[in-house]
Undergrad: 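Pasting a structure here, questions to come.
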Amino acid sequence: MREAQAIIERTVRLNEHYQHLHLSVQDFGSDIKPGQWLLARLAEETWEPYLREPWWPVGIKHDEIIIERPASITYEPGQVVSLLGLVGQPFRYKR
């Protein structure tokens, strides 16, 4: 399990319920496989939330991870997110 710091590069509001967070992270996103997720917490001085939240990637590019989150939570570009992962076993597909 590794820990990395990611920066929210931009937020894209999909509709009134969901938004996409584009996270910039070095040498982390290319290792994620379907079925795995990350444990995340905003790297601020507060301990809210105390425990990390599971974040499931919906898109992976080189040095960028796209996360779908509820639109009721406000995220700003430039915020730093502490990521811990990779968690879970990848899906196994029969050929």
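All residue numbers in this chain count up from 1 along the given sequence.
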Undergrad: Report the C-alpha distance between Leu86 and Leu38 in whole Å, list the side-chain angles of each, state the deciding distance to 0.1 Å, and finish with yes or no for side chain to side chain contact (heavy atoms under 4.5 Å, CB included).
TA: CA-CA 6 Å; Leu86 302 163; Leu38 303 165; 3.7 Å; yes
Undergrad: Hey, quick one: are Leu42 and Leu21 part of the same hydrophobic cluster, counting side-chain heavy atoms closer than 4.5 Å, chains of contacts allowed?
TA: yes
Undergrad: For Ala71 versus Gln19, what's the shortest heavy-atom pair and its separation?
TA: CA-NE2, 4.0 Å
Undergrad: Just by modelled atom types, is the Gly88 backbone N or O under 3.5 Å from a matching donor or acceptor in the Gln36 side chain?
TA: yes
Undergrad: Are Ile8 and Leu83 co-members of a hydrophobic cluster defined by side-chain heavy atoms under 4.5 Å apart?
TA: yes
Undergrad: If you compare all heavy atoms of Leu23 against all heavy atoms of Ala6, which two are closest, and at what distance to 0.1 Å?
TA: CB-CB, 4.1 Å
Undergrad: Side-chain heavy atoms under 4.5 angstrom apart, residues restricted to Ile, Leu, Val, Met, Phe, Trp, Tyr: same cluster for Trp37 and Val81?
TA: no
Undergrad: Using side chain to side chain contact (heavy atoms under 4.5 Å, CB included), reason through Ile65 and Trp55 one step at a time and then give a plain yes or no.
TA: CA-CA 11 Å; Ile65 301 172; Trp55 284 12; over 6 Å; no
Undergrad: Tell me, with the steps shown, if Leu84 and Met1 meet side chain to side chain contact (heavy atoms under 4.5 Å, CB included).
TA: CA-CA 7 Å; Leu84 189 64; Met1 198 169 290; 3.7 Å; yes
Undergrad: Is it the case that more than 12 heavy atoms not belonging to Glu3 sit under 6.0 Å from its CD atom?
TA: yes
Undergrad: Which residues pass the side chain to side chain contact (heavy atoms under 4.5 Å, CB included) test with Ile73, not counting sequence neighbours?
TA: Arg69, Pro70, Tyr75
Undergrad: Taking only residues two or more places apart in sequence or in another chain, which ones pass side chain to side chain contact (heavy atoms under 4.5 Å, CB included) with Pro77?
TA: none
Undergrad: Mind checking the CD-NE2 spacing from Gln26 to His62? Nearest 0.5 Å is all I need.
TA: 7.5 Å
Undergrad: For the NE2 atom of His20 and the OG1 atom of Thr11, what is their distance to the nearest 0.5 Å?
TA: 11.5 Å
Undergrad: Give, for atom CZ of Arg52 and atom CZ of Arg41, the distance between the pair rounded to the nearest 0.5 Å.
TA: 5.5 Å
